[in-house]
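Report on the structure given below.
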Amino acid sequence: MLNLNIAVCDDDEIYRKNIISCLDSYLIAQDNNLAYTEFSSGKALLKEFRKPDDFHVVFLDIEMPGIDGLKTAELIKTTVDRHTFIVFISNYPRYMQDSFRVHPFYYLVKPVSPERLFSIMDEIVHEINEQRLLYTLIREDETEKTVNIRDIRYIDVADGKRGILCFHFFDEKLLTKGKLADWEEKLADFHFLPCYRGILLNLSYIHYFQKHSAILDNGDTVPLSRSCEKKLRHDFLNNIVEMKKL
């Protein structure tokens, strides 16, 4: 079961309620947990959308006063999370061409019918499941958090006796129960490799290497064992172009 955080951003309350009503119906019909938040402007959305897992899907009006939908989407993609599913909604199909530059997942014309929204949400859920992008982690306090695996910098063993792992993101850490070997298998296709005893590293976030360590894009220093360092350097240099596309 997926836990998806959804933002609905439109300056017109009637159309916001239109989307929310469709999402309510979708929630009843599907075996997924949806949490959605309404915003009346791009500025308000950007104020709350600070980390990649704040919102996984954004329904975004194009014509809004202040920061319009196209600029809002651009800022989300470039400063918060390039993997967010953006669905534009508009009264005017002529904006469709302009929207392509921010690579939206879909473009819907107002008013949105439940059938069209159901279809789009099914496609998004299928895309997530097909690519195995989102995982719901159970924190130590038993609360749930859905994360995009591409946002994980590295995973290390925080407490081996209790089976506690620490997931490191850009500026956040999350403790959860699990086995590092299980995650190594799950993440093998996403350039995660063991780099030191009890550490699984995402190669796509390496900024540069130092002797026996890797410096990540957020400034974290991750140790490299002698046995792993040569392979990591080789794999990083040979896959860097592919990794940056993820």
Side-chain angles (χ1 to χ4, degrees), residues 1-7 31-35 49-58 76-86 103 105 121-158 163-196 198-207 214-220 222 224 228 231-232 235-236 238-246:
M1 178 184 294
L2 287 175
N3 294 307
L4 295 180
N5 296 326
I6 300 173
D31 186 27
N32 291 299
N33 289 328
L34 309 180
F49 199 171
R50 309 302 293 272
K51 301 189 300 297
D53 54 348
D54 284 338
F55 297 105
H56 306 109
V57 183
V58 177
I76 289 171
K77 292 279 191 176
T78 57
T79 66
V80 185
D81 186 4
R82 67 182 185 273
H83 307 305
T84 303
F85 290 91
I86 301 287
H103 307 290
F105 186 79
M121 287 300 302
D122 282 345
E123 288 185 40
I124 290 173
V125 170
H126 174 76
E127 185 83 4
I128 291 170
N129 288 330
E130 187 72 14
Q131 296 186 32
R132 297 169 294 154
L133 295 179
L134 298 187
Y135 280 90
T136 298
L137 303 178
I138 310 297
R139 294 189 183 94
E140 281 191 295
D141 62 4
E142 301 300 324
T143 60
E144 297 181 351
K145 187 177 183 67
T146 297
V147 302
N148 190 316
I149 61 172
R150 290 171 173 170
D151 297 322
I152 302 169
R153 268 58 181 176
Y154 62 102
I155 309 169
D156 61 11
V157 177
I164 302 296
L165 300 177
C166 183
F167 286 70
H168 296 256
F169 300 90
F170 182 80
D171 59 357
E172 181 183 16
K173 299 177 182 179
L174 189 154
L175 296 174
T176 183
K177 292 183 179 180
K179 296 180 179 179
L180 196 64
D182 292 340
W183 283 100
E184 182 178 349
E185 182 178 348
K186 290 177 183 177
L187 303 177
D189 294 335
F190 294 93
H191 302 290
F192 281 80
L193 290 175
C195 67
Y196 199 82
I199 302 178
L200 190 62
L201 175 63
N202 184 347
L203 271 63
S204 62
Y205 286 108
I206 294 176
H207 188 41
I215 310 301
L216 307 189
D217 67 329
N218 63 349
D220 284 358
V222 180
L224 307 178
C228 294
K231 175 176 172 53
L232 284 167
D235 286 3
F236 175 77
N238 282 275
N239 292 288
I240 188 168
V241 174
E242 179 186 346
M243 288 189 292
K244 296 308 178 186
K245 292 179 181 178
L246 292 177

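Heads up: numbering here begins at 1 and tracks the sequence.
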Beyond-backbone contact of [X] with [Y], side-chain heavy atoms, under 4.5 angstrom:
{"X": "I155", "Y": "L201", "result": "no"}
{"X": "I206", "Y": "L203", "result": "yes"}
{"X": "L224", "Y": "L232", "result": "yes"}
{"X": "I199", "Y": "Y154", "result": "yes"}
{"X": "E184", "Y": "P194", "result": "yes"}
{"X": "L34", "Y": "V57", "result": "no"}
{"X": "Y135", "Y": "T146", "result": "no"}
{"X": "V147", "Y": "L134", "result": "no"}

N-O pairing of [X] and [Y] below 4.0 Å:
{"X": "D151", "Y": "K51", "value": "no"}
{"X": "D54", "Y": "R50", "value": "no"}
{"X": "K177", "Y": "E142", "value": "no"}

Just checking, is any N or O donor in the side chain of H168 or D220 under 3.5 Å from an acceptor N or O on the other one?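 No donor-acceptor contact under 3.5 Å links the two side chains.
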Step by step, work out the side chain to side chain contact (heavy atoms under 4.5 Å, CB included) result for I76 and I86. CA-CA 9 Å; I76 289 171; I86 301 287; 4.3 Å; yes
Considering all heavy atoms of both residues, which atom of [X] and which atom of [Y] are nearest to each other, and what is their separation?
{"X": "L175", "Y": "C166", "answer": "CD2-CB, 3.6 Å"}
{"X": "D81", "Y": "P52", "answer": "OD2-O, 3.3 Å"}
{"X": "G198", "Y": "L180", "answer": "C-CD2, 3.4 Å"}

Answer yes or no: does atom NZ of K179 have more than 12 heavy-atom neighbours from other residues, nucleotides or ligands under 6.0 Å? no
If you count heavy atoms of other groups shown closer than 6.0 angstrom to CD of E127, is the number above 12?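 More than 12 within 6.0 Å, yes.
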How many angstroms lie between [atom1] in [X] and [atom2] in [Y], if you round to the nearest 0.5 Å?
{"X": "T176", "Y": "K145", "atom1": "OG1", "atom2": "NZ", "value": "12.0 Å"}
{"X": "I149", "Y": "K186", "atom1": "CD1", "atom2": "NZ", "value": "10.0 Å"}
{"X": "N5", "Y": "H56", "atom1": "CG", "atom2": "NE2", "value": "5.0 Å"}
{"X": "N129", "Y": "I124", "atom1": "CG", "atom2": "CD1", "value": "12.0 Å"}
{"X": "R150", "Y": "Y205", "atom1": "CZ", "atom2": "OH", "value": "9.0 Å"}

Apply the test salt bridge (Lys or Arg N to Asp or Glu O under 4.0 Å) to residues E172 and R153: give CA-CA distance (whole Å), side-chain angles for both, the deciding distance (0.1 Å), then the verdict. CA-CA 10 Å; E172 181 183 16; R153 268 58 181 176; over 6 Å; no
Between F192 and W183 (judged by ring centroids, cut-off 6.0 Å), do the two rings come close enough to count as a pair?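 No, the ring centres sit 6.0 Å or more apart.
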Side chain to side chain contact (heavy atoms under 4.5 Å, CB included) between V80 and F55: does it pass, once the steps are laid out? CA-CA 10 Å; V80 185; F55 297 105; over 6 Å; no
Short side-chain to backbone donor-acceptor contact, K77 and T84, under 3.5 Å: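 Checking the backbone N and O of T84 against the side chain of K77, a donor-acceptor pair under 3.5 Å is found.
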Verdict with reasoning, D217 to F170, per side chain to side chain contact (heavy atoms under 4.5 Å, CB included): CA-CA 8 Å; D217 67 329; F170 182 80; 4.2 Å; yes
Checking side chain to side chain contact (heavy atoms under 4.5 Å, CB included) for the pair N148/D53: CA distance, chi angles, key distance, verdict? CA-CA 7 Å; N148 190 316; D53 54 348; over 6 Å; no
